[in-house]
Colleague: 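This is the structure I want to talk about, given as structure tokens.
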Amino acid sequence: MRRLIGSWREALSAKIGKEFGTEIGPGDISIDFPPKPELGDATTNVAFTVARKCGMNPAEAASRIRDLRLEAVERIEARGPYLNFFLDRAEAVGYLLDGVAPAPEMSAKVIVEHTNINPNKAAHIGHLRNAVLGDTLVKALRFLGHEVEVQNYIDDTGVQVADVVVCFREILGYGFEEVRREAEKEKPFDIFCWELYAKSPKYYEADPDNLNKRYETLHLIEEGDSETARIGEFVASSMVNCHLRTMDRLGIRYDLLPHESDILKNGFWNRCFSMLKESGSIEYIPPDSEDKMRGCWVMRLSGNKEFEGLSDADKVIVRSNGTVTYLGKDLAYQLWKLGALGKDFGYVESEGAPYMIWRTAPAEMGPAERKFGGGQKVFNVIDVRQSYLQKIVREGLKMLGREKEAESSVHFSYEMVALSTRFIREEIEKGRLPAADEKDLAKPFIEMSGRKGLAYIADHLIDALVERAKAEIEKREPETPAGEVSDRAAVLARAALKYYILKFSRNQVVAFDLNEALSFEGETGPYIQYASVRAGNILRKAEEKGEIVPSVVDKEAVARLIPLLDNDGWGILSLFLRMPFVVSRAVELRELNLIARNMYEIAQAFHNYYHKAPVLQEEDEGKRKARLLFISIFARLFEDHLGDLLGIETPRRM
RNA sequence: GAGCCUGUAGCUCAGUGGAUAGAGCACCUGCCUCCUAAGCAGGGGGUCGUGGGUUCAAGUCCCGCCAGGCUCACCA
């Protein structure tokens, strides 16, 4: 399809050169899609450009360009300044079914890093937004022909893990064995840790000395080889497996779990540290200095134009107690991802995961059966609140002389998920959240906080969606066996959740409202799935009636029947033409809602057609066969796009 | 204080400088003897926060202002 439109651009460029003696390159000619089907299948406003260059009326320019032949185009109409293309429909169907040929420049390896949940508590709905965006980005990139590696970074040595370990040791008085036993109890361990972690602020506030426990524990975890360290490792790996299970319920998986502890164990940080010192990117503040950062290694940013206006722009990379901050570790990780570190991890199969997945390990644990990292392009899916830090990491790459790598590393930022105050009020009434400040409740939404326990847990939302879906299925078909109800409910729940998250543009704060998330009607995932199911129903019914469905690969049938198809049917197929453009634009702008909403628009058009144009009841055989062929093409294209791009499956029945 | 983001229908949100500003929810009216109504058709509802500017053309670009959110730690 891309090739088809490329050929149009070239032909238009040549025609304009000949007709007006002015040069407009093929790359400067925009091919768009008209707002209404009557205006054709594709359009260009190049006449405006020509008119401006030659000082003439755009409509006149359009009428002079109009007279030319374009591949698979039956006719071109000049409508005022717009040139509208009407395709040779039977020929165009061939292009649609061929799919998207990858462009040659697309072969480079792309790494997408997403999810990255601190392994100290259950995942909440904010993490769902990250994972769904990340996973959809991966699918979009693959759709466009890229080789993609998906990494879920595990910060197993950070303060967050230390906090939960402190809670286990100091509040509950647990040793390793007790923690392990807790994990075997019926209550999900991630939920247990969620509740325990929410107790940490009170513990730290109770006595200033308690804060020392945090750093002692952090240190012990980084050193390893102690009971405290074993608890830390156990908690982190158990949490990772909980998170993998949660995301797997949505069909979201990863290729590799890079662990922060392995960045330290494999000397990645040491290598990065020397690179930083050698390039003079960081400097040591003597312990006897008056500076409040004395004893630390800092990155000087105060003279940097990018960081103007900050009262104190310098950033600590190594703390005065010798431990590395997140920045240092992330910089080392970024360098490795971009193939600029000159070191590699060892790799082993991750234990206890719900499916086979690789994790990093000390390099001496054997040669890697697979090679990871070294991406030409890296997407870091991280919410907007970390923009400042991401900017510093990027600046670090530049200070190391890695300008090109800094350009190839993209922060895919998106706004947070907050809780709508309407929803919070409901939860308070039901006693599921503690009473909140009236001043906060006057706002439209409140930011979530794992520390305060003010958040909605991902699994609880998925459970609620599954329950809702089960109820709907049982209402419609009470005889359905329980196993089938569960399977179908899971598929519906997944679609509802993904669409609910994807329909927002990335800079929009999602003020979470359970009722909206639980909706299966209107602009929702199940509505889109229903279009797919309905197409399938027609084909199934046709077979039951002994009606022969023309094959989509039968060129002769396509050439004979497509011209008999009504305009409405064709209009729906024509919507698939724009999919590759929508997807590449979505990736370029990092606005994945474009893809989701485009699928919704197609579903909407199909539902309308379904009512307007009965297929099996149509008496005229030519028309009936044409519609059957259309349904068959639609079913295939729609189901494929839905699965490949959004990871939404089509249930057998609804 | 500085930086980033947001402001479009009662509510939640879409909206490539281009064709009559859209969708869902809610509300009202119709449509199940019909390929399953998780659906369809129709209706009411808009100073696109505000004031300037650029342009043949501005919800969209630029500047000011107003309102709200996030960020600016030896936490990540």
Side-chain angles (χ1 to χ4, degrees), chain A residues 30 32-36 39 43 45 48 51-52 57-58 79-82 116 118 155 158-160 162-163 214-215 292-293 295-296 298 306-313 315-321 323 325-327 329-330 382-389 391 413 415-416 418 420 422 443-445 447 451 469 472-473 475-477 492 496 503-505 507-511 513 515-516 519-527 529-531 533-542 545 581 585 589 593-594 597 600-601 604 607-617 627 631 653-654:
Chain A
S30 81
D32 300 299
F33 299 97
K36 283 181 296 185
L39 300 173
T43 185
N45 59 7
F48 283 105
R52 193 171 50 246
N57 181 338
R79 186 167 167 123
Y82 295 98
N116 302 10
N118 275 316
D155 180 3
V159 176
Q160 325 273 359
D163 283 339
R214 174 190 249 185
Y215 292 101
K292 64 179 178 181
M293 292 173 187
C296 299
V298 302
E306 294 271 316
F307 295 86
E308 268 175 5
L310 290 169
S311 54
D312 203 349
K315 288 299 292 188
V316 172
I317 303 294
V318 180
R319 302 182 187 101
S320 53
N321 68 4
T323 55
T325 61
Y326 155 84
L327 273 170
K329 290 181 272 196
D330 198 42
I382 308 174
D383 84 54
V384 70
R385 289 170 293 184
Q386 300 217 37
S387 295
Y388 175 66
L389 286 168
K391 198 172 159 183
S413 83
E415 261 293 354
M416 63 175 169
S420 80
R422 189 171 35 194
K443 297 183 204 163
F445 56 81
E447 187 177 3
R451 293 190 71 110
E472 292 293 325
I473 294 165
K475 195 170 79 190
R476 288 174 173 77
E477 295 177 36
L492 289 174
K503 71 176 179 179
F504 295 94
S505 57
N507 284 328
Q508 189 68 234
V509 174
V510 174
D513 187 294
N515 292 328
E516 283 170 22
S519 170
F520 289 177
E521 284 164 23
E523 193 186 342
T524 64
Y527 172 96
Q529 286 174 309
Y530 194 36
V533 169
R534 279 181 146 175
N537 285 347
I538 297 172
L539 297 176
R540 197 188 59 237
K541 208 73 174 202
K545 287 177 110 180
F581 298 88
R585 195 176 157 72
L589 299 177
N593 69 328
L594 294 175
R597 290 197 183 255
Y600 170 69
E601 271 177 41
Q604 210 174 24
H607 280 304
N608 170 288
Y609 185 84
Y610 181 90
H611 284 270
K612 210 163 49 181
V615 178
L616 301 176
Q617 274 74 26
R627 282 182 190 167
I631 298 293
R653 297 173 64 80
M654 270 182 86

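Just so you know, these numbers use all the heavy atoms, side chains as well, and skip hydrogens, waters and symmetry mates. Just so we're on the same page: letters track the sequence lines, and every chain starts at 1.
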Colleague: What does A/Gln529 touch in the nucleic acid at a heavy-atom separation under 4.0 angstrom: a base, only the sugar-phosphate, or nothing?
Modeller: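 It contacts nothing in the nucleic acid.
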Colleague: When you compare B/rG52 with B/rA58, how far apart are their C1' atoms, in angstrom units rounded to a whole number?
Modeller: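 Per the computed distance, 14 Å lies between those C1' atoms.
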Colleague: Could you pick out which residue, A/Tyr530 or A/Asp32, lies toward the 5' side of RNA chain B when each is mapped onto its nearest nucleotide?
Modeller: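 Nearest nucleotide further toward 5': that of A/Asp32.
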Colleague: How is A/Val615 classified with respect to the nucleic acid when contacts are heavy atoms under 4.0 Å: base, sugar-phosphate, or nothing?
Modeller: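 Base, at least one base heavy atom under 4.0 Å.
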Colleague: Counting only side-chain nitrogens and oxygens, does A/Tyr215 get under 4.0 Å of the OP1 or OP2 atom of B/rC75?
Modeller: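 Affirmative; the distance criterion is met.
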Colleague: Base, sugar-phosphate alone, or nothing: which one does A/Arg540 contact when heavy atoms must sit under 4.0 Å apart?
Modeller: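 It contacts nothing in the nucleic acid.
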Colleague: When rounded to the nearest 0.5 angstrom, what distance separates CG in A/Asp32 from CG in A/Asn45?
Modeller: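 So the gap between those two atoms works out to 5.5 Å.
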Colleague: Does a side-chain N or O from A/Asn537 land closer than 4.0 Å to OP1 or OP2 of B/rU36, or not?
Modeller: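 Yes, because at least one side-chain N or O of A/Asn537 sits under 4.0 Å from OP1 or OP2 of B/rU36.
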Colleague: With a non-hydrogen cut-off below 4.0 angstrom, is A/Ala162 in contact with a base, only sugar-phosphate, or nothing?
Modeller: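 No contact.
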Colleague: By nearest nucleotide on RNA chain B, pick out whichever of A/Asn45 and A/Lys329 is the more 5' one.
Modeller: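 Taking each residue's closest nucleotide, the earlier one in sequence belongs to A/Asn45.
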Colleague: Can you tell whether the side chains of A/Asp163 and A/Arg451 come within less than 4.0 Å, N to carboxylate O?
Modeller: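 Judged by the 4.0 Å cut-off on N to carboxylate O distance, A/Asp163 and A/Arg451 do form a salt bridge.
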Colleague: Which is true for A/Tyr600 with a 4.0 Å heavy-atom rule: it touches a base, it touches only sugar-phosphate, or it touches nothing?
Modeller: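 Sugar-phosphate only.
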Colleague: Check for me whether the distance between the ring centres of A/Tyr527 and A/Phe520 falls short of 6.0 Å.
Modeller: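 Ring centroids of A/Tyr527 and A/Phe520 are no less than 6.0 Å from each other.
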Colleague: Which letters describe nucleotides 26-34 of chain B, given B = protein heavy atom under 4.0 Å from base, S = only from sugar-phosphate, - = neither?
Modeller: --------S
Colleague: Write down the distance separating the C1' atoms in B/rC61 and B/rG24, rounded off to the nearest Å.
Modeller: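 Those two atoms are separated by 30 Å.
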Colleague: Between A/Thr323 and A/Asn321, does any side-chain donor sit less than 3.5 Å from a side-chain acceptor?
Modeller: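 On atom types as modelled, these side chains qualify, holding a pair under 3.5 Å.
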Colleague: Mind checking if A/Leu327 touches a base, just sugar-phosphate, or nothing, with heavy atoms under 4.0 Å?
Modeller: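 Counting heavy atoms under 4.0 Å across all strands, no contact is made by A/Leu327.
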Colleague: Within the 4.0 Å limit for protein heavy atoms, which parts of nucleotides 8-15 of chain B are touched? Write it as a string from 5' to 3', B for base, S for sugar-phosphate only, - for none.
Modeller: ---SSSSS
Colleague: Counting heavy atoms from C-beta on, name the nucleotide in B/rA76, B/rG39, B/rU71 closest to the side chain of A/Arg534.
Modeller: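 Taking heavy atoms from C-beta onward, the closest nucleotide is B/rG39.
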Colleague: Any base atoms under 4.0 Å from A/Phe520, or only sugar-phosphate, or nothing? Heavy atoms, all strands.
Modeller: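 The residue A/Phe520 makes base contact.
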Colleague: Applying the 5.5 Å / 30° rule, does A/Tyr610 stack onto the base of B/rG39?
Modeller: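 No, aromatic ring not over the base.
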Colleague: Look at all strands and tell whether A/Asp155 reaches a base, only sugar-phosphate, or nothing, counting heavy atoms closer than 4.0 Å.
Modeller: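 Contact class for A/Asp155: sugar-phosphate only.
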Colleague: Quick one, A/Val159 with A/Arg214, criterion side chain to side chain contact (heavy atoms under 4.5 Å, CB included). Give me CA distance, side-chain angles, the key distance, then yes/no.
Modeller: CA-CA 7 Å; A/Val159 176; A/Arg214 174 190 249 185; 3.2 Å; yes
Colleague: Could you give the CG-to-P distance, from A/Leu389 to B/rC4, as a whole number of Å?
Modeller: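 Interatomic distance, CG of A/Leu389 to P of B/rC4: 17 Å.
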Colleague: Under a plain distance cut-off of 3.5 Å, with no hydrogens placed, do A/Asn537 and A/Arg540 share a side-chain donor-acceptor pair?
Modeller: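 Yes, because at least one side-chain N or O of A/Arg540 sits under 3.5 Å from a partner of the opposite role on A/Asn537.
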Colleague: Respond yes when some side-chain nitrogen or oxygen of A/Tyr326 is under 4.0 Å from OP1 or OP2 of B/rA76, and no when none is.
Modeller: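 Indeed not, no polar side-chain atom of A/Tyr326 lies that close.
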Colleague: Using the side-chain heavy atoms of A/Glu447, tell me which of these nucleotides is nearest: B/rA38, B/rU71, B/rA19.
Modeller: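 Closest of the options to the side chain of A/Glu447: B/rU71.
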Colleague: Could you tell me whether A/Arg597 and A/Glu601 make a salt bridge, using a distance below 4.0 angstrom between a side-chain N and a carboxylate O?
Modeller: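 Salt bridge absent between A/Arg597 and A/Glu601.
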Colleague: Tell me, please, which residues at least two apart from A/Glu521 pass side-chain hydrogen bond (donor to acceptor under 3.5 Å, both in side chains).
Modeller: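 Residues passing side-chain hydrogen bond (donor to acceptor under 3.5 Å, both in side chains) with A/Glu521: none at all.
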Colleague: Can you check the distance between B/rU60 and B/rU54, where both ends of the measurement are the P atom (answer in whole Å)?
Modeller: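 Taking atom P in both B/rU60 and B/rU54, they lie 15 Å apart.
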Colleague: Assign A/Lys443 to base, sugar-phosphate, or nothing according to its heavy-atom contacts below 4.0 angstrom with the strands shown.
Modeller: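 Since only primed, P, OP1 and OP2 atoms lie under 4.0 Å of A/Lys443, the category is sugar-phosphate.
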Colleague: Given B/rA19, is OP1 or OP2 found less than 4.0 Å from the side-chain N or O atoms of A/Arg79?
Modeller: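 No, A/Arg79 has no side-chain N/O under 4.0 Å of OP1/OP2 on B/rA19.
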Colleague: Using a heavy-atom cut-off of 4.0 Å across all strands, would you classify A/Thr325 as base, sugar-phosphate, or nothing?
Modeller: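 Sugar-phosphate contact only.
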Colleague: Among B/rA76, B/rA38, B/rG18, find the nucleotide with the atom closest to the side chain of A/Tyr82.
Modeller: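 Nearest to the side chain of A/Tyr82 among the choices is B/rG18.
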Colleague: Counting any heavy atom closer than 4.0 Å, what does A/Ile473 reach on the DNA or RNA strands: base, sugar-phosphate only, or nothing?
Modeller: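 Result for A/Ile473 = base.
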Colleague: Examine B/rA73: is either OP1 or OP2 under 4.0 Å from a nitrogen or oxygen in the side chain of A/Lys292? Give yes or no.
Modeller: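 No, outside the criterion.
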Colleague: Quick check, does A/Phe48 stack with B/rG18? I mean ring centres under 5.5 Å and planes off by under 30°.
Modeller: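 Yes, aromatic ring over the base.
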Colleague: In whole Å, measure the gap between the C1' atoms of B/rG46 and B/rA14 for me.
Modeller: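 Looking at atom C1' only, B/rG46 and B/rA14 are 15 Å apart.
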Colleague: Checking contacts here: which listed nucleotide (B/rG39, B/rA73, B/rG69) is nearest the side-chain heavy atoms of A/Lys315?
Modeller: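 Minimum distance to the A/Lys315 side chain belongs to B/rA73.
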Colleague: To the closest 0.5 Å, what do you measure between CG (A/Leu327) and NZ (A/Lys315)?
Modeller: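 Those atoms lie 6.0 Å apart.
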Colleague: Please give the distance between the C1' atoms of B/rU29 and B/rC65 as a whole number of Å.
Modeller: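 The answer is 45 Å between these two C1' atoms.
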Colleague: Which nucleotide in the list B/rC35, B/rC74, B/rG24 gets nearest to the side chain of A/Cys296?
Modeller: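 Shortest atom-to-atom distance from the side chain points to B/rC74.
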Colleague: Which of the following nucleotides, B/rA38, B/rA41, B/rU36, is nearest to the side chain of A/Asn608?
Modeller: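 For the A/Asn608 side chain, the nearest candidate turns out to be B/rA41.
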